[in-house]
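Shown next, in C-alpha cells, is the structure this report addresses.
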Amino acid sequence: MSDPIRLLILGTGGMAANHAEKFAEIEGVQLVGGVDTRPAQLTAFCDKFGIQGRFATLDAALAWGQFDAVTNVTPDAAHYATTLPVLAAGKHILCEKPLATTAAQAQDMADAAQKAGVVNMVNLSYRNVPALQQAAKMVREGAIGPVRHFEASYLQSWLTQPAWGDWRSESQWLWRLSSAHGSKGVLGDVGIHILDFTTFIAGESATSISCLLKTFDKAEGGRIGEYVLDANDSATMQLHLSGGAIGTVAATRFATGHMNDLRLRIYGDLGGLEVRFEGAVSALRACLGADVLTPTWRDVACPTLPSIYERFIAALRGTGAAEPTFARGAELQRILDAAETSAAQSGASIAV
Ligand SMILES: NC(=O)c1ccc[n+]([C@@H]2O[C@H](COP(=O)([O-])OP(=O)(O)OC[C@H]3O[C@@H](n4cnc5c(N)ncnc54)[C@H](O)[C@@H]3O)[C@@H](O)[C@H]2O)c1
C-alpha cells in the first residue's frame, strides 16, 4: 500500500467543494489543509470536509509545509501569484483553468513547473468525458481520415436563469463578469474548455484565430458595486488547425435553455463524429465507412475513465501520466490571448 498523499486546498469556494469531494473519495488521500482569504468561508469549508489545517494565507500554509500537493482553486487572477510559490516550495500542483490571465504568465508557470520537476496538471475537467477520449482515439486511429471541418460550442445560461444562484449578488459570479477582477469573460471561463475539447479531439494545434467578443448590458451603469461588468459574455471564433482544417468554436452565457452543454461535430474525408456532453451525459455518434453513403449515424460505446483528480493522484504515485500539463495550459492561453487581440481588431485573423 502506498503512503498517504496529504493535500492542501488553496481557495475554498464553489469549485473547491467539488475538488474536496472527489479527492476525499480516493483511497489514501488526506485533505490536511485549506487556505482562504475569507475567514468565514474557510471555516465553513474546513468544518464540512473535516480539514484540520486552516490558513488565512498561502505563506502561512507553506511555512507549516506538512503537505505533499496542492490543488489551486482560487479565482483565475490569483493562479499565477499563488502557484509560483507552491512550485518554488517543490510541491506538486493541480491548478484550475485558465492557468493564468495572460499567455506570458502561463508560460512562466509552465517553465517554473518544469524546473521544479513536480507533477503539474491543469484542471481541464472535460478530459474526463468518455466521448471526448473515445473521439480523440478514433481520430488518432484515422477513423475519419484527415480532419477538414468542425463546429463546436459551449453553452451556458447562468445570466438568464437562476439555477446556479443569483449572479447579481454572489461574488463567485460577479468576479467572472469583471476584467478588473481578473476574468477573461466567457472566453477564459469556458471558452478554454471548448478550445481544449476541439483541438484535443482533432489532435492538432490552432495556428490562427479570428474572434468576436460581446459584452451585453446587464446592469445600470454597467456595474454592480465594486464590479464593473465589462468581461465578455459571448465569443465566436474561427480557427485554422495545423493539419489544414478550419472550423468554428462558440461560447456563451446567454444560451437560454442550456445549462452547461458542450458539443463538437468534426468531419474528415472518411467520416464524421458528433461528440456531446449535454445535461451531464456523454454521448458519441459516428458516421463511418459505408454509412457515409446513406448517411447513417450510429452510437459509439465509450469506456468510462478515471477522473482528473484520480489521474493527478496516479501521477503522484508514478502510476499514470500527468496530463494535461501546465505546458498544455500555456498553449491554450496563447489561443486566448490571440482571440482577444483579434477581437480588439474587429475579428482580424491572428497567428497563435
Ligand atoms: N474546471 C472546471 O470545470 C471549473 C469549474 C468551475 C470553476 N473553475 C475554476 O475554479 C476556480 C475557482 O472558481 P470558483 O467558482 O470556485 O470561485 P469562487 O469565487 O467560488 O472561489 C474562489 C475562492 O478563492 C478564495 N481566494 C481568492 N483569492 C485567494 C488567495 N489569494 N488565496 C486563497 N484563497 C483565495 C476566495 O475567497 C474564494 O473563496 C476558477 O479559476 C474557475 O475558473 C473550474
Side-chain angles (χ1 to χ4, degrees), residues 97 122-156 187 190-211 235-252 255 257-308 311 321 323-324 328 331-332 335 339 352:
K97 44 51 61 176
V122 57
N123 194 18
L124 296 165
S125 37
Y126 296 99
R127 292 286 185 101
N128 301 345
V129 172
L132 169 141
Q133 293 290 348
Q134 181 64 24
K137 182 168 177 280
M138 290 170 74
V139 173
R140 305 284 181 284
E141 290 169 354
I144 64 168
V147 179
R148 304 296 190 195
H149 190 91
F150 55 88
E151 51 179 81
S153 60
Y154 193 138
L155 306 174
Q156 291 189 330
L187 180 69
V190 303
I192 188 167
H193 281 306
I194 195 68
L195 286 165
D196 179 64
F197 203 98
T198 302
T199 55
F200 179 71
I201 290 174
E204 298 177 17
S205 49
T207 54
S208 71
I209 188 166
S210 161
C211 176
T236 61
M237 296 169 257
Q238 303 201 54
L239 276 79
H240 277 101
L241 299 187
S242 46
I246 62 166
T248 57
V249 178
T252 184
H258 290 274
M259 200 70 79
N260 190 60
D261 292 343
L262 291 83
R263 297 176 179 169
L264 171 68
R265 290 173 174 169
I266 185 163
Y267 308 101
D269 290 1
L270 303 177
L273 297 175
E274 196 176 291
V275 193
R276 284 178 292 146
F277 186 67
E278 296 179 345
V281 176
S282 158
L284 177 62
R285 294 198 321 148
C287 181
L288 304 170
D291 280 345
V292 302
L293 299 174
T294 22
T296 304
W297 287 81
R298 298 177 197 274
D299 293 334
V300 178
C302 304
T304 51
L305 304 160
S307 71
I308 198 152
R311 287 188 280 118
E323 286 283 338
R328 172 63 174 172
E331 181 187 347
L332 290 166
I335 308 180
V352 176

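When every heavy atom of L284 is checked against every heavy atom of A131, the shortest pair comes out as CB-CB, 3.9 Å. Shortest non-hydrogen contact noted between I308 and V122 is CD1-O, 3.6 Å. The shortest heavy-atom contact between A206 and I335 is CB-CD1, 3.8 Å. Across every non-hydrogen atom of I201 and A135, the tightest pair is CG2-CB, 3.9 Å. Pairing each heavy atom of G271 with each of V292, the nearest pair is CA-CG1, 4.2 Å. T296 and C287 get closest at one heavy-atom pair: O-SG, 3.3 Å.
Note: I266 CD1 to T198 OG1 = 7.5 Å, rounded to the nearest 0.5 Å. Rounded to the nearest 0.5 Å, atoms CG (L241) and CZ (F150) are 4.0 Å apart.
Within the structure, salt bridge (Lys or Arg N to Asp or Glu O under 4.0 Å) contacts touching residues 146-155 (residues at least two apart or in different chains) are R148-D269, E151-R265. Applying the ring pair (Phe, Tyr, Trp, His ring centres under 6.0 Å) rule to pairs touching residues 279-298 yields nothing, sequence neighbours excluded.
L270 has its side chain out of reach of L288: every pair of non-hydrogen atoms, C-beta onward, lies at least 4.5 Å apart. Using a 4.5 Å heavy-atom cutoff, the side chains of R311 and L305 are not in contact. L132 has its side chain within reach of F197: a pair of non-hydrogen atoms, C-beta onward, lies under 4.5 Å apart. Put simply, the side chain of T252 does not reach to within 4.5 Å of the side chain of H258, judged on heavy atoms. The side-chain heavy atoms of Q134 and P303, taken from C-beta on, include a pair separated by under 4.5 Å. Considering only heavy atoms from C-beta on, V352 stays 4.5 Å or farther from L239 through its side chain. Looking only at side-chain heavy atoms (C-beta outward), T236 and T248 stay at 4.5 Å or farther from each other. Contact check for K97 versus L332: no side-chain heavy atoms found under the 4.5 Å cut-off.
The closest donor-acceptor contact from the side chain of T207 to the backbone of H240 lies under 3.5 Å. Side-chain atoms of T294 come within 3.5 Å of backbone N or O of D291 as a donor-acceptor pair. For S242 (side chain) and S205 (main-chain N/O), a donor-acceptor pair under 3.5 Å exists by modelled atom type.
Taking the ring axis of F200 as reference, the NZ or CZ atom of R140 stays within 45° of it and closer than 6.0 Å to the ring centre.
A donor-acceptor contact under 3.5 angstrom links the side chains of Y154 and N260, judged on distance only.
Evaluation of the salt bridge (Lys or Arg N to Asp or Glu O under 4.0 Å) rule for E331 yields R328 as partners, not counting sequence neighbours.
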